[in-house]
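Lettering follows sequence order; numbering is per chain, from 1.
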Protein chains: 2
Amino acid sequence: MVEIIKSVYQHPLLSEEDLEKMAASHKKENVKKGTVILKQEQVANEYYILESGLVRSYVHDYDNNEITTEFFAENEIVIVPTSLFQRIPSQETLVAVTDAVLWKIAFEEFQQLYHSIPGFSEWGRLWFTHQLFATKQRSLEMITKTATNRYLKLMQEKPQIMQHVPLKQIASYLGITDTSLSRIRKEISH
Amino acid sequence: MVEIIKSVYQHPLLSEEDLEKMAASHKKENVKKGTVILKQEQVANEYYILESGLVRSYVHDYDNNEITTEFFAENEIVIVPTSLFQRIPSQETLVAVTDAVLWKIAFEEFQQLYHSIPGFSEWGRLWFTHQLFATKQRSLEMITKTATNRYLKLMQEKPQIMQHVPLKQIASYLGITDTSLSRIRKEISH
DNA sequence: CTCATATCTTGCCAAATGGCAGGTAATATG
DNA sequence: CATATTACCTGCCATTTGGCAAGATATGAG
């Protein structure tokens, strides 16, 4: 029961009781493919763990093209950190790419758990640290890797994306157009 | 005396004694323009606060061009977080753009202070959070703003850069070439 | 199973960007 | 002050990337 939540919050300082308490605070929600979980301009009020399915975030660029900023896979935390933790409107939109199962918790309740369970704060600190490294790493890879290599890496890390997401959305995540990605795929297949 | 250090670590949970202790652990270092503070491939062992001067970080892209990843101004913390906190080789190089005054502390000692002074841990948590938001924000701005607007914003936020840094290094920070930046500047001046 | 829709590929052309180099200006050095 | 060096601008041309659209393929709905 709610094993997924316990597995996400693994930390040496979190006891079984802590995990039970946290798990009990998350409510299950089924969303259909295409459901908008958080809309641009809204202030995020909920925090989600993705049990199954695929979620995507995107923004609009200076020319109003839709640019994918992240793909969220199973067992990942699905939030827009700036909006949720700074209580400001989100620049990004969250949308379910496939039917998905989410475990959600209101931000208020999340905060209470966070401050009342020391191990949870510790876990949170690690999460923020890890998140910072991942974000930095992605920025660097946009510079140091070619689009081809970024594509190969994404395919390796989240192969399930290919089965559900149009190339156009993958291309924008890689910083190129669908036309270019199509040409890259042709190159690779040789 | 070492007012700069105290001002950087401002936090309600840090007492005057805490700040004194922290300040006393930082050693002053004068570096000349052009000095390499951290080299690509090295594991960072020191943490710096920049009192005066300007520092730049850069990486090499897939085509071996030097790309500026950050400009550090006075009163900022000058580190490569991934290398320092994960103890792995840095992908980025840190170099003094002008003569600079740094206050440094060995990572080991930093860790000790960090874990022994509760207010310092709290401060650190805020720093990580803020750093994550800033990094995310920069990624988003590379998408949502035009190069012209990114240039205008940089000039507004860190005007001192113009006086010391060649256009080529500014251009690479903005994700364009010096040729393009030169054309943008021409446009703007009308 | 069939039809409608969405996705993907590809060729053609246009536009944007970059490389290069010469000339000019600014800065640093002795 | 004279000279050397570096930085900056700009015109020319090459290359890359993107927009568009048509055709091919795959997917989904009924």
Self-check item: With B/Gln112 via side-chain hydrogen bond (donor to acceptor under 3.5 Å, both in side chains) - residues at least two apart
Solution: none
Quiz item: chain B on DNA chain C: first and last contacting nucleotide, 5' to 3', under 4.0 Å to a heavy atom?
Solution: C/dT17 to C/dC20
Exercise. Name all pairs fulfilling the salt bridge (Lys or Arg N to Asp or Glu O under 4.0 Å) condition that reach into residues 130-139 of chain A, sequence neighbours left out, sorted by first residue then second.
Key: A/Lys136-B/Glu92
Quiz prompt | Interface residues of residues 144-172 of chain A with DNA chain C (non-hydrogen, below 4.0 angstrom) | solution = A/Pro166, A/Leu167
Quiz prompt | Apart from A/Val59 itself, residues in the same hydrophobic cluster as defined by side-chain heavy atoms under 4.5 Å | solution = A/Ile67, B/Leu140, B/Ile143
Self-check item: Nearest-0.5 Å distance, CZ of residue B/Arg56 to CD of residue B/Gln169
Solution: 3.5 Å
Practice problem: Describe, in one word, how the ring planes of A/Tyr9 and A/Tyr47 are oriented to each other, choosing from parallel (under 30°), tilted (30 to 60°) and perpendicular (over 60°). | Solution: parallel
Exercise. Could you tell me whether the side chain of B/Arg125 and the main chain of B/Phe120 form a donor-acceptor pair under 3.5 Å?
Key: no
Self-check item: Aromatic ring proximity, centroids under 6.0 angstrom, A/His164 and A/Phe71
Solution: no
Quiz prompt | Protein-to-nucleotide contact annotation, 5' to 3' order, nucleotides 22-30 of chain D [B base; S sugar-phosphate only; - none; under 4.0 Å, heavy atom] | solution = ---------
Exercise. Run through the side-chain heavy atoms of Ile, Leu, Val, Met, Phe, Trp and Tyr, join any pair under 4.5 Å, and report what else lands in A/Val43's cluster.
Key: none
Quiz item: Under the 3.5 angstrom rule, does the side chain of A/Arg183 hit a backbone N or O of A/Asp178 as a donor-acceptor pair?
Solution: no
Quiz item: Pairs in or reaching into residues 73-84 of chain B: which pass side-chain hydrogen bond (donor to acceptor under 3.5 Å, both in side chains), with residues at least two apart or in two chains?
Solution: B/Glu76-B/Lys158
Practice problem: Check whether any side-chain N or O of B/Trp123 sits under 3.5 Å from a backbone N or O of B/Val8 as a donor-acceptor pair, and report yes or no. | Solution: yes
Quiz item: So, A/Thr68 side chain and A/Ile170 main chain: donor-acceptor pair closer than 3.5 Å or not?
Solution: no
Quiz prompt | Set of residues satisfying side-chain hydrogen bond (donor to acceptor under 3.5 Å, both in side chains) with respect to B/Lys168, sequence neighbours excluded | solution = none
Quiz item: Given axes from five pairs at either end, by how many degrees does the helix from C/dC1-D/dG30 to C/dG30-D/dC1 bend, rounded to 10°?
Solution: 60°
Quiz item: When clusters are formed from ILVMFWY side-chain contacts under 4.5 Å, directly or step by step, what else is grouped with B/Val31?
Solution: B/Ile37, B/Leu38, B/Tyr48, B/Leu50, B/Val55, B/Phe72, B/Val78, B/Val80, B/Leu94, B/Leu102
Where do N or O atoms of nucleotides 10-14 of chain D meet protein N or O atoms at under 3.5 Å, pair by pair?
| unit_1 | atom_1 | unit_2 | atom_2 | d |
| --- | --- | --- | --- | --- |
| D/dC12 | N4 | B/Arg183 | NH2 | 3.3 |

Quiz item: Tell me: CG of B/Leu181 to C1' of D/dC8, nearest whole Å?
Solution: 10 Å
Quiz item: Between the main-chain N or O of B/Lys33 and the side-chain N or O of B/Asp99, is there a donor-acceptor pair closer than 3.5 Å?
Solution: yes
